[in-house]
**Q** 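Have a look at the structure that comes next, please.
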Amino acid sequence: MQQEVIISGFGGQGALFAGQLLAYAAMDSGLHVTWIPSYGPEMRGGKARCTVVVSDEEIGSPLVRRPSAAIVLNIPSMEAFEPAVKPGGVLVVNSSLIPQKSERDDIRVVYVPASDMATELGNVRLANVICLAALVKATEIVSLDAIKQALEDHLPERHRKLLSLNFEAMDRGAALVDAASSGTD
Amino acid sequence: MAKELWEGNAAIAEAAIRAGLEAFFGYPITPQTEVLEHFSKRLPELGRVFLQAESEVASINMVYGAACAGARVMTSSSSPGVSLMQEGFSYIACSEVPAVVTNIMRGGPGLGNVQPAQGDYFQAVKSAGHGDFHMIVLAPSNVQEAIDLMVLAFDLAEKYRTIVMFVADGSIGQMMEPAEMPPMRPVRPPEERAEWALTGAQGRKPNIITSLYLGAENMERVNIRLQAKLREIEKNEVRWKEYSTEDADLLLVAFGTVGRVCQTVVREAREQGLKVGLLRPITLWPFPGQRIAALAEQVKGILTVEMNAGQMVEDVRLAVEGRCPVRFYGRMGGPIPLPDEILPELEKLNAEVGGEEE
């Protein structure tokens, strides 16, 4: 059983960190995992993307053209990865910044007004963990508790005061999926 | 020790530290700058030497000097920086001092880009510098293997008093994977330095380390000794890994990142009924040619996949000696070949050799 997740957005939106959080949670859940960023000469606000592969057996390719799930945090990412998600897969859309709807009827699309929800919580930079919580809830790659534990274990010391706020953000992201658990949107 | 999530570049540096590295000399270049970054934090706090040199040429000559003094040393760079070091590689090989060099390969030729590539295969394996010599070349395909091979690199360098190159493409340097570090080896105390090392000749005859041998016969004698050592390495140190080769009709040969991508290809091809196996060279020199030759008797065709225009495929063909068709698929300058482009190449090969899908 293997799942592949692409998380994509602007630099600064926390796409890479959200992927690392998923990788830590997968590792701590006893699964095989690879995390690979797109890297290159980029500036703040440029594109930032990572691919996380989670499997119960040894992972071959750490890159995939067609992931089983994706989080898109901005419009260019939506345009790039909405068509790429495998049939039956999950797409989490940051609908605060992405006005368009998906035209796919063969995947589950979860619209999360993540940037707005994050701003409401007092920090727009929480949008990544809101989306990640929605993703793990919809895909069950790992449990939400595993993500929370990973954050607690690996959050840099200087950010520890933000832990409970992150948990609150995750709960809200996950709750959106529970509320809309009707299969394809 | 439990597994932790390691970034490739940091893992390479930490593994070298665990292997007892005493001094690192280097110059930053993407995509391997995190190697220096990790050393710059860790080595000073351990009381060892980290030195950012003024250039790659300086770095390799500092490595040469420290190696002559019997220290366990390395440098690290990426493709264009490695080219600058090549004179030093040759001096180190001729002087028979142990040293480890890491090349986190990027797109080329020229200044190229910072994307992952394997275009330096020829340079590492066939053309490390002027004169007759080879480096031992180790090529990991994942982060755990990078750690294990980095430790091995120092052991081989000292066992054979030779230069060992560790090559990985940029994506191995940048990616993160769970991996386990070996325990910390103590740094060798000065009184335990090798007897050939330049440690000050107080109370003993001076040691001489040089790569200058005037006179034809003199230089030939050194060459004969070096060649004998290389044959010994070829006999003892060939390493590779095989996947599903027992019943394979078709064989993939690939190293590094594309080697692991081919593990996925094997899985997917077998789901389609193609009996595909994979041989992944771990030592690029010495090359697992004998094993490939043996497999060429068994399989109907071989597909070599690389992140270059077709370099290792020449060694595969030399090994196979026409026993079966050897085809090539590659991407150059940054893209990593993915399973959905490699599979059709296998199907083409299968059709060419008259195989059927089950």
Side-chain angles (χ1 to χ4, degrees), chain A residues 1-7 15-42 46-68 84 86 142 146-147 149-151 153-156, chain B residues 2-9 30-34 104 106-107 113-116 141-145 169-180 241 243-244 252 254 256-269 278 280 305 331 334-343:
Chain A
M1 189 49 203
Q2 176 171 306
Q3 298 205 57
E4 310 93 12
V5 181
I6 289 178
I7 306 177
L16 300 187
F17 181 72
Q20 286 180 3
L21 210 47
L22 176 58
Y24 278 119
M27 176 180 74
D28 295 340
S29 304
L31 296 162
H32 294 266
V33 63
T34 57
W35 174 95
I36 189 164
S38 65
Y39 70 91
E42 290 288 355
K47 62 180 195 293
R49 180 176 87 227
C50 66
T51 304
V52 182
V53 179
V54 178
S55 179
D56 52 14
E57 55 183 343
E58 193 182 334
I59 295 167
S61 179
L63 287 169
V64 291
R65 214 175 311 273
R66 306 213 60 182
S68 58
K86 273 189 245 184
V142 294
I147 296 281
Q149 190 63 49
L151 185 67
D153 293 344
H154 304 288
L155 193 70
Chain B
K3 284 193 171 179
E4 289 175 72
L5 200 61
W6 279 98
E7 177 208 64
N9 280 335
T30 308
Q32 68 81 53
T33 297
E34 296 85 359
I104 307 295
R106 58 188 246 178
N113 61 24
V114 300
Q115 297 305 311
S141 80
N142 59 59
V143 174
Q144 183 66 57
E145 196 172 55
D169 57 79
S171 57
I172 293 175
Q174 297 292 323
M175 74 181 297
M176 293 178 92
E177 251 184 316
E180 196 176 332
K241 205 163 171 192
Y243 306 83
S244 308
L252 287 160
T257 290
V258 70
R260 72 181 295 170
V261 170
C262 283
Q263 284 178 249
T264 301
V265 176
V266 168
R267 222 174 279 158
E268 292 182 0
L278 164 67
R280 180 168 66 75
V305 189
R331 299 290 301 268
I336 297 173
L338 292 186
D340 61 0
E341 21 181 339
I342 302 170
L343 258 171

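Every chain is numbered from 1 and lettered A, B, ... according to where its sequence line falls, protein lines coming before strand lines.
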**Q** Is the number of heavy atoms from other residues, nucleotides or ligands within 6.0 Å of NZ (K86(A)) greater than 12?
**A**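 Yes - once you tally the heavy atoms of other residues, nucleotides and ligands closer than 6.0 Å, there are more than 12.
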**Q** Can you find a pair of side-chain heavy atoms, one from P67(A) and one from T51(A), that are under 4.5 Å apart?
**A**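 SC-SC contact between P67(A) and T51(A) ruled out.
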**Q** Do D56(A) and L31(A) come within less than 4.5 Å of each other through their side chains, counting heavy atoms only?
**A**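 With C-beta onward as the side chain, the pair touches.
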**Q** Measure V52(A) against the heavy atoms of chain B and call it side chain, backbone, both or neither at under 4.5 Å.
**A**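 Neither the backbone nor the side chain of V52(A) comes within 4.5 Å of chain B.
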**Q** For Q20(A), is it the side chain, the backbone, both, or neither that has a heavy atom closer than 4.5 Å to a heavy atom of chain B?
**A**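 For Q20(A), heavy atoms of backbone and side chain both lie under 4.5 Å from chain B.
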**Q** Counting only non-hydrogen atoms closer than 4.5 Å, does P178(B) touch chain A with its backbone (N, CA, C, O), its side chain (CB onward), both, or neither?
**A**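 When you check distances to chain A, atoms from both the backbone and side chain of P178(B) fall under 4.5 Å.
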**Q** Inspect the contact between K241(B) and E145(B) and indicate whether a charged nitrogen and a carboxylate oxygen are less than 4.0 angstrom apart.
**A**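 Result for this pair is no, no salt bridge flagged.
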**Q** Is there a donor-acceptor contact under 3.5 Å from the side chain of R280(B) to the main chain of A254(B)?
**A**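 Looks like no, no N/O pair under 3.5 Å.
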**Q** Do you know which of C262(B), G170(B), S171(B) has the most heavy-atom pairs with chain A at a distance under 4.5 angstrom?
**A**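 Heavy-atom pair counts peak at G170(B).
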**Q** Check whether I336(B) gets within reach of chain A through its side chain, its backbone, both or neither, counting any heavy atom under 4.5 Å.
**A**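 Side chain of I336(B) only, per the 4.5 Å heavy-atom cut-off to chain A.
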**Q** Which one, V266(B), V261(B), V143(B), V265(B), leads in non-hydrogen pairs under 4.5 Å with chain A?
**A**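 Max contact count across the listed options: V261(B).
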**Q** So, taking the atom named CD in Q144(B) and the one named CH2 in W6(B), what distance separates them when rounded to the nearest 0.5 Å?
**A**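 Output value for this atom pair is 11.0 Å.
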**Q** Would you mind telling me which of E177(B), Q174(B), Q263(B) has the largest number of heavy-atom pairs within less than 4.5 Å of chain A?
**A**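 Winner by heavy-atom pair count: Q174(B).
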